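One structure is given here, and the rest of the page talks about it.
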There are 2 protein chains.
Amino acid sequence: MAESPDIDILARGELFRGVPVEVLRELHAASFRRKFPAGETVFQQEDAVTTFYIVVVGRLRVTQTTLDGQQIIIRYLGPGDVVGYAALTGAPAHPGAVTAVDDCHLIGMPAPMLRDIMSRNSRIAMNAVALMGERYQDLQLRLRELATEKVERRIAHTLLRLSQQAGRRTARGIEIAFPLSRQDLAEMTGTTLHTVSRTLSGWEARGLVDSGRRRVIIAKPEALAEVAEEV
Amino acid sequence: MAESPDIDILARGELFRGVPVEVLRELHAASFRRKFPAGETVFQQEDAVTTFYIVVVGRLRVTQTTLDGQQIIIRYLGPGDVVGYAALTGAPAHPGAVTAVDDCHLIGMPAPMLRDIMSRNSRIAMNAVALMGERYQDLQLRLRELATEKVERRIAHTLLRLSQQAGRRTARGIEIAFPLSRQDLAEMTGTTLHTVSRTLSGWEARGLVDSGRRRVIIAKPEALAEVAEEV
DNA sequence: CGGACTTTTGAAGTAATTCAAGGGGAGTGG
DNA sequence: CCACTCCCCTTGAATTACTTCAAAAGTCCG
């Protein structure tokens with residue numbers, strides 16, 4: 001199994017699960033490692049799709065920007081996640097930008113090569129369909145939240161979701177394990193940094209969270225879940 | 001080519017494009033036609049995934065409902081569209097409900113059979129990935145609109161999008177070719193029927209639209225596009 | 001022509017944005 | 001090591017877009 005650490009990483013990711021080792025070897029032969037220091041951009045919105053990545057370590061942020069410069073955060077990516085799903089679907093350009101929020105290590109490979117191997121290997125294609133389905137459901141959920149819930153509940157839901165994906169147990173509670181500013185939370189929940197700040201201050205006073213400069217710790221997850229679900 | 005009208009319809013849809021005729025015949029052999037009169041439900045949210053459909057004629061609405069009964073419209077489906085993408089991804093349950101808003105004809109087939117054929121036929125799987133990618137991008141766009149735009153612009157964008165999918169040229173302008181109430185528009189744009197009504201009344205006074213009971217005609221698409229894009 | 005559903009419009013209320021100003025922490029450079 | 005600077009965060013006050021509440025008027029169908 002452990003013929004190469006990278007092959008192991010690929011085999012554990014959602015996309016290449018259950019794929020024969022010889023296919024993984026073929027993929028690995030064409031792949032390369034690349035580091036992105038915090039703040040660096042992997043690709044911009046509208047960039048041509050040339051390369052496909054899998055996250056090894058670190059967090060990345062997927063954003064979309066409007067013509068008038070307003071930005072929203074579509075999602076965060078972490079270890080095992082696919083970066084640049086457009087390489088799977090065959091879209092010519094990236095619909096969003098991806099930026100490292102941490103120092104990141106990615107495994108990259110040429111997009112056409114992935115498409116080629118996928119078309120010869122239905123297991124990968126089936127995995128890709130399942131993966132896209134999950135991401136679609138995520139967005140459906142967020143759309144519903146944005147359409148039906150008030151800001152406070154949206155922020156609560158968002159924090160709880162982030163704590164699932166990237167939570168780290170600490171003495172003071174569950175810490176979101178990457179830098180997360182008020183502005184970031186605002187761009188995830190469709191509000192302003194001011195409102196996020198006020199909301200967190202309120203929770204802080206009630207002891208629900210413990211937050212600071214680009215850092216959020218959920219002190220009482222159950223209580224926050226109540227905020228998220230209350231009518 | 002025209003060995004059966006249904007095979008033709010399948011071949012033209014996005015999912016089975018470029019698939020060998022013998023595979024289409026196999027699919028067709030297991031398929032059946034089914035009518036859903038206006039208002040009837042194809043499946044409910046959380047229903048087990050048993051059957052997969054392609055729309056032949058008519059329009060259907062995909063909705064999601066929250067625990068406290070609030071509903072949002074995820075999208076509308078029309079001729080050629082896939083109904084119940086969960087059958088593609090392998091999800092056990094439908095994430096949303098589907099209802100006919102018109103009288104509809106669908107071609108159905110058992111979901112496990114589709115998955116089986118897809119796993120043996122990578123072209124279908126590749127098409128499915130592309131299809132999910134498109135739907136994902138749609139939702140991304142709507143999420144961005146909901147997060148960054150004011151209600152009037154959202155309604156304008158929504159109407160323009162519907163006119164693309166289901167617009168019919170008439171003497172008075174482009175008519176949305178299925179019954180569409182103020183409530184429906186509200187559930188698509190994350191607002192209330194009152195606000196939609198006021199907004200349409202305003203546009204009506206300016207001659208942009210011509211609307212009535214569950215009916216919307218866009219009289220001046222260019223002018224509406226300006227409303228949608230203005231800063 | 002009755003009754004259900006859809007739409008309209010006014011008035012009051014409110015959640016959240018916008019505008020504005022100041023404060024604090026972390027890192028940098030002298 | 002201290003001061004400077006850049007971000008990021010906080011908080012008040014004013015404004016506003018939208019919702020909520022309420023009532024009435026159309027419109028379609030049997």
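Just so it is clear, the structure is predicted and the values come from calculations on it, not from any experiment. Letters A, B, ... are given to chains in the order of the sequence lines, protein chains preceding strands, and every chain is numbered from 1.
- Side-chain nitrogen and oxygen atoms of Ser181(A) include none within less than 4.0 Å of the OP1 or OP2 phosphate oxygen of dC7(D).
- Between Leu15(B) and Leu88(B), some side-chain heavy-atom pair lies under the 4.5 Å cut-off.
- Distance Trp203(A) CH2 to dT11(D) P: 15 Å, rounded to the nearest Å.
- When each of Phe43(B), Tyr53(B), Tyr85(B) is paired with His94(B), the ring-ring contact (aromatic ring centres under 6.0 Å, His included) condition holds for Phe43(B) and for no other.
- Considering Leu10(B), Val83(B), Asp6(B) as possible partners of Ile54(B), the one that fulfils the side chain to side chain contact (heavy atoms under 4.5 Å, CB included) test is Leu10(B).
- Atom CD of Glu204(A) is separated from atom P of dC9(D) by 12 Å (rounded to the nearest Å).
- Side-chain nitrogen and oxygen atoms of Arg182(B) include at least one within less than 4.0 Å of the OP1 or OP2 phosphate oxygen of dT8(C).
- On a pure distance criterion of 3.5 Å, a polar donor-acceptor pair joins the side chain of His194(A) and the base of dT11(D).
- Across all strands, Arg198(A) comes closer than 4.0 Å to base atoms (heavy-atom distances).
- For Leu185(A) and dC9(D), the CG to C1' distance is 13 Å, given to the nearest whole Å.
- Each of Val196(A) and Arg154(B) was assigned the nucleotide of DNA chain D with the nearest heavy atom; the assignment lying further toward the 5' end belongs to Val196(A).
- Here Ser201(B) does not reach the OP1 or OP2 of dT7(C): none of its side-chain N or O atoms lies under 4.0 Å away.
- Counting any heavy atom pair closer than 4.0 Å across all strands shown, Ser197(B) reaches a base atom.
- Distance CG (Leu200(B)) to P (dG26(D)): 18 Å, rounded to an integer number of Å.
- With rounding to whole Å, Lys150(B) atom NZ is found 8 Å from dT16(D) atom C1'.
- Ring geometry for Tyr76(A) versus Phe178(A): interplanar angle of 30 to 60°, hence tilted.
- dT6(C) atom C1' lies 14 Å from atom CD of Glu187(B), rounded to whole Å.
- Atom-to-atom, CZ of Arg215(B) to C1' of dT6(C) comes out at 13 Å; the value is rounded to the nearest Å.
- Contacts of Leu193(B) with the nucleic acid, taken as non-hydrogen atoms under 4.0 Å apart, include base atoms.
- Residue-environment remark: CZ (Arg169(A)) stays at or below the threshold of 12 foreign heavy atoms within 6.0 Å.
- One atom, CG of Asp210(B), and another, C1' of dT7(C), lie 15 Å apart when rounded to the nearest Å.
- For the OP1/OP2 pair of dT19(D) and a distance below 4.0 Å, the side-chain nitrogens and oxygens of Thr192(B) include at least one atom meeting the criterion.
- Scanning atom types as modelled, no donor and acceptor separated by under 3.5 angstrom connect the side chain of Arg214(A) and the base of dC7(D).
- Between Thr195(B) and dT19(D) there is a side-chain N or O to OP1 or OP2 distance below 4.0 Å.
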